[in-house]
Protein chains: 2
Amino acid sequence: MESADAPATPHARAVAPRRVTAAMVAEHAGVSTATVSLVANGKSAGRVSAANEERVRAAIRELGYVVDGIGSSLSRGVSSTVILVAPDISNPFFARVIAGVRAALGNDYQLLLSVTDAGQFPSAAETRRLLSLRPAGLLVDAPDETFLEELSAPGPVVLLDAPGVGDRLPAVNMDVEGGARDLAAHLAAQGHRRIAYVDGITGTATFALRREAFLDEAAARGIEVPPAARVATTIDVGAAAAEFAASWAAWRRDGITAVACATDTHAYGILQEARVKGLSIPCELAVAGFDDLPYSQTSNPALTSVRLPADDLGRRAAEQLRRLIEGQALEEARLTLQTSLVVRASTRRR
Amino acid sequence: MESADAPATPHARAVAPRRVTAAMVAEHAGVSTATVSLVANGKSAGRVSAANEERVRAAIRELGYVVDGIGSSLSRGVSSTVILVAPDISNPFFARVIAGVRAALGNDYQLLLSVTDAGQFPSAAETRRLLSLRPAGLLVDAPDETFLEELSAPGPVVLLDAPGVGDRLPAVNMDVEGGARDLAAHLAAQGHRRIAYVDGITGTATFALRREAFLDEAAARGIEVPPAARVATTIDVGAAAAEFAASWAAWRRDGITAVACATDTHAYGILQEARVKGLSIPCELAVAGFDDLPYSQTSNPALTSVRLPADDLGRRAAEQLRRLIEGQALEEARLTLQTSLVVRASTRRR
DNA sequence: GGCCGGCGGGAAAGGGGTTTCAGGAAGATT
DNA sequence: AATCTTCCTGAAACCCCTTTCCCGCCGGCC
């Protein structure tokens with residue numbers, strides 16, 4: 001293809017230019033690889049003369065040298081990668097968590113996500129492979145106990161949103177119970193005495209916590225949540241709408257004046273169906289959600305919801321992880337972040 | 001803490017049991033590390049005697065040996081990781097793409113996601129670090145040209161959903177233009193003659209393609225889309241609802257009988273606002289979306305939409321990538337997958 | 001002027017695995 | 001019985017970087 005006197009190698013070797021190694025930089029700068037390593041890693045202060053430092057920097061620039069992640073990881077015994085393991089990433093909440101994590105990790109660590117099929121955690125084999133990449137640390141979102149056991153991690157791990165799981169591991173949680181109680185208190189203050197509760201069908205612990213705290217606080221404030229008004233659906237607008245369509249007649253007869261939902265998605269379905277039925281919200285029926293998803297601000301009417309500190313969750317977890325990686329002790333191994341009730345038109349009676 | 005005669009090392013060395021290496025397995029099984037490597041990688045056929053193979057397997061089991069990803073990557077020159085770079089992961093569509101990718105990659109490669117802040121691609125520095133992990137291959141979702149240039153990847157890359165970008169790289173695309181044309185044809189067949197189009201405000205090429213194909217096909221079928229009925233909003237239910245609320249009076253005067261949207265999210269906003277206005281859908285106004293998001297099946301009325309082959313997109317892209325990684329030539333470098341119009345109640349006049 | 005202290009830099013030892021290559025043992029052939 | 005295959009096996013090189021010594025050199029001090 002090229003010059004006729006090129007060696008007749010079967011592979012077009014010239015196409016893939018050789019990776020630039022520290023040795024090449026060293027030769028180009030007339031120093032040893034040790035010096036290159038020091039400069040490239042910013043550890044040159046007081047160890048490399050200014051003259052050599054500049055020559056190495058010039059060589060790095062000129063050759064386009066990038067420290068090889070693999071070689072570096074092997075040599076240091078650990079990579080500079082933080083792996084975030086998450087069973088479900090397809091919601092806007094999670095995007096904010098990631099933003100928080102990235103902000104806290106900065107440039108020192110590289111964030112990679114390991115996701116599996118809907119709601120599942122990696123198998124034991126996958127987990128071992130993951131660990132064999134020698135991540136600097138692991139963040140695990142909404143973990144289940146089985147996965148944590150398999151993990152039995154040799155390295156730093158911080159859990160996110162792990163109420164009641166992995167008690168021995170550091171975690172950052174959100175006070176969903178407080179949020180649920182605030183919501184119950186708000187509905188009580190608005191004068192409701194009989195309320196329906198729409199739960200989610202899922203294995204996640206957070207839903208049980210929300211429900212129990214809500215029911216407990218409601219009871220404490222003299223609110224009744226009759227058994228017939230406790231339902232559960234998959235987390236799906238349509239399913240919630242259908243459930244409400246089927247139940248509303250009975251609830252109305254029973255004197256229900258408000259519906260609290262385990263997540264906003266349920267509430268959207270109820271708002272939709274209520275509109276079909278021509279119900280006036282919040283006058284005939286107040287509706288409240290949980291999670292404060294983006295659409296809740298602009299829904300019609302805007303939805304009262306419990307806002308979760310998504311970016312804080314990510315940020316704090318990543319900060320904790322950094323401390324662990326850097327060998328510092330954690331002042332508090334398990335943090336709980338405040339949630340806040342956002343009252344909007346769907347429950348605000350005037 | 002332990003026996004009094006233990007060496008007074010400051011670190012609790014016993015806590016972190018030493019990593020199990022191939023050398024340890026080799027010693028335990030009475031063979032060399034070469035043999036261990038062959039067995040552990042399933043390359044033992046015809047190279048290792050049955051007896052030794054069994055002894056090595058037993059040792060691996062007994063010691064819990066896992067091939068070290070870092071050492072292996074360094075030695076082979078490449079890791080067995082496939083990195084999927086994506087600017088936006090928080091939508092259900094993407095979850096299906098991932099499922100497709102995972103299915104096609106199987107156990108041979110490990111999928112990791114690199115995501116950045118909302119809609120952004122990694123910076124040049126981040127990109128270089130990513131490549132320094134020596135991924136076996138890269139999948140890039142909805143790439144922008146700038147990122148592809150920085151990539152100038154030395155390794156296998158396949159683009160997903162990259163209409164009109166990175167022409168020289170293999171890609172798997174979806175025929176959104178065909179879908180848009182089908183939609184225009186459907187609305188024409190339903191008797192509409194004046195239609196509104198709600199576009200998305202975003203840099204993504206796919207939106208321009210949808211719009212142009214729709215307008216072109218509409219024109220070809222004698223449908224008018226008056227300039228005043230061409231609007232664009234951010235991809236947000238509330239924004240679309242507001243836009244529709246502001247425009248509907250004028251549109252109605254202008255004889256508009258249908259609205260086509262660049263994505264279902266817009267259509268949800270319109271459905272919501274139409275209900276507020278008491279419009280009968282599809283009789284007074286037909287509404288159609290694009291993407292066929294999950295909620296479109298259960299919305300009220302169910303939404304006509306263009307379904308995109310999400311899992312196929314992931315699967316085919318991963319298959320192509322595998323071929324590249326394994327050095328096979330691609331029969332077709334750029335694939336385009338069919339989309340399909342799903343007609344539901346929001347446009348179906350009876 | 002000799003000795004000491006310190007700074008700067010290099011040689012070299014890993015870190016864990018893969019792969020080549022040469023050679024040994026066992027079985028086949030003459 | 002000698003030679004040739006065939007099969008297996010293990011030693012060793014290599015991948016790229018980090019880090020630990022250790023040494024040479026320079027200036028300062030007595």
Side-chain angles (χ1 to χ4, degrees), chain A residues 16 18-57 59-60 63-81 128-129 131-134 136 154, chain B residues 16 18-56 59-60 63-81 128-129 131-134 136 154-155:
Chain A
R18 225 172 145 48
R19 173 181 294 278
V20 178
T21 70
M24 295 165 64
V25 175
E27 190 185 357
H28 197 268
V31 299
S32 74
T33 62
T35 307
V36 173
S37 177
L38 290 174
V39 173
N41 290 297
K43 296 181 183 171
S44 53
R47 325 256 277 102
V48 177
S49 65
N52 268 355
E53 165 131 24
E54 187 40 50
R55 294 168 67 187
V56 171
R57 285 200 192 289
I60 287 177
L63 300 177
Y65 173 67
V66 180
V67 175
D68 183 71
I70 297 295
S72 168
S73 298
L74 179 59
S75 177
R76 292 204 327 246
V78 68
S79 76
S80 60
T81 298
R128 285 201 303 269
R129 286 186 70 182
L131 292 176
S132 91
L133 295 180
R134 311 220 202 166
Chain B
R18 223 171 146 47
R19 174 181 293 276
V20 178
T21 69
M24 295 166 63
V25 175
E27 190 185 359
H28 198 268
V31 300
S32 74
T33 60
T35 307
V36 172
S37 177
L38 289 173
V39 172
N41 290 298
K43 296 180 183 172
S44 53
R47 323 257 278 101
V48 177
S49 64
N52 268 357
E53 165 132 24
E54 187 40 49
R55 294 167 69 186
V56 172
I60 287 177
L63 300 177
Y65 172 67
V66 181
V67 175
D68 183 71
I70 297 295
S72 170
S73 299
L74 180 59
S75 176
R76 292 205 326 246
V78 67
S79 77
S80 59
T81 298
R128 286 201 301 270
R129 286 187 71 182
L131 292 176
S132 91
L133 295 180
R134 310 220 200 167

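Counting to the nearest Å, the P atom of D:dT20 and the NZ atom of A:K43 are 9 Å from each other. The CG-C1' distance, from B:L38 to D:dC8, rounds to 10 Å in whole Å. A straight line from CG of A:D68 to P of C:dG16 spans 17 Å, rounded to a whole angstrom. Whole-Å rounding puts the A:L133 CG to C:dG16 C1' distance at 14 Å. For the pair A:R76 CZ and C:dG15 C1', the computed distance is 13 Å after rounding to whole Å. Between the CE atom of A:M24 and the P atom of D:dC17 there is a distance of 10 Å, rounded to whole Å. One interatomic measurement links the two molecules: CG of A:N41 to C1' of D:dC17, which rounds to 9 Å at whole-angstrom precision. The distance from atom CD1 of B:I70 to atom C1' of C:dG15 is 11 Å, rounded to the nearest whole Å.
A sub-4.0 Å separation between OP1 or OP2 of D:dT9 and a side-chain N or O of B:S49 is present. Checking the phosphate oxygens (OP1, OP2) of D:dT19, no side-chain nitrogen or oxygen of A:S37 falls inside 4.0 Å. Checking the phosphate oxygens (OP1, OP2) of C:dT18, no side-chain nitrogen or oxygen of B:T33 falls inside 4.0 Å. The phosphate of C:dG8 has neither OP1 nor OP2 within less than 4.0 Å of any side-chain N or O from A:N52. Between A:S32 and the phosphate of C:dG10, there is a side-chain N or O to OP1/OP2 separation shorter than 4.0 Å.
Looking at B:V31 and B:V36, their side chains come closer than 4.5 Å, going by heavy atoms from C-beta outward.
For A:R134, the side-chain atoms get nearest to C:dG15 when compared with the rest of C:dG17, C:dG15, C:dG10. Side-chain atoms of A:L74 lie closest to C:dG15 of the nucleotides C:dG15, D:dC16, C:dG17.
As judged by a 4.0 angstrom heavy-atom cut-off over every strand, B:G30 is placed among residues touching the sugar-phosphate backbone only. Residue contacts shown for B:V48 are limited to sugar-phosphate atoms, with no base heavy atom under 4.0 Å away.
A rotation axis mapping the C1' atoms of four pairs onto the next four is fitted at both ends of the helix from C:dG1-D:dC30 to C:dT30-D:dA1 over five pairs, and the angle between these axes is 60° to 10 degrees.
Along DNA chain D, the nucleotide nearest A:Y65 and the nucleotide nearest B:A50 are compared for position; the residue whose nucleotide lies closer to the 5' end is B:A50. For the pair B:A34 and B:G71, nearest-nucleotide mapping onto DNA chain C gives the more 5' position to B:G71.
Looking at A:S44, its side chain never comes within 3.5 Å of a backbone N or O of A:V39 through a donor-acceptor pair. The main-chain N or O of B:A29 is found under 3.5 Å from a side-chain atom of B:R55 such that the two form a donor-acceptor pair. No side-chain donor-acceptor contact under 3.5 Å links B:N41 to the backbone of B:K43.
Annotation for A:S32 and A:A26: closest pair C-CB, 3.7 Å, computed over non-hydrogen atoms. Here the shortest heavy-atom pairing between B:I70 and A:S73 reads CD1-CB, 3.7 Å.
Of the residues listed (A:L38, A:T35, A:V48), the one engaging A:V56 in a side-chain contact (heavy atoms from CB on, under 4.5 Å) is A:T35, and it is the only one.
The environment of B:E54 atom CD is dense: over 12 non-hydrogen atoms of other residues, nucleotides or ligands sit within 6.0 angstrom. Environment of CZ in A:R47: sparse, with no more than 12 heavy atoms of neighbouring residues, nucleotides or ligands closer than 6.0 Å.
Donor-acceptor pairing under 3.5 Å, judged by distance alone, is present between the side chain of A:S75 and the base of C:dG14.
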Quick test: give all pairs of protein nitrogen or oxygen and nucleotides 21-25 of chain C nitrogen or oxygen below 3.5 Å, distance rounded to 0.1 Å.
none

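Separating the CG atom in B:L63 from the CE atom in B:M24 is a distance of 6.0 Å, to the nearest 0.5 Å.
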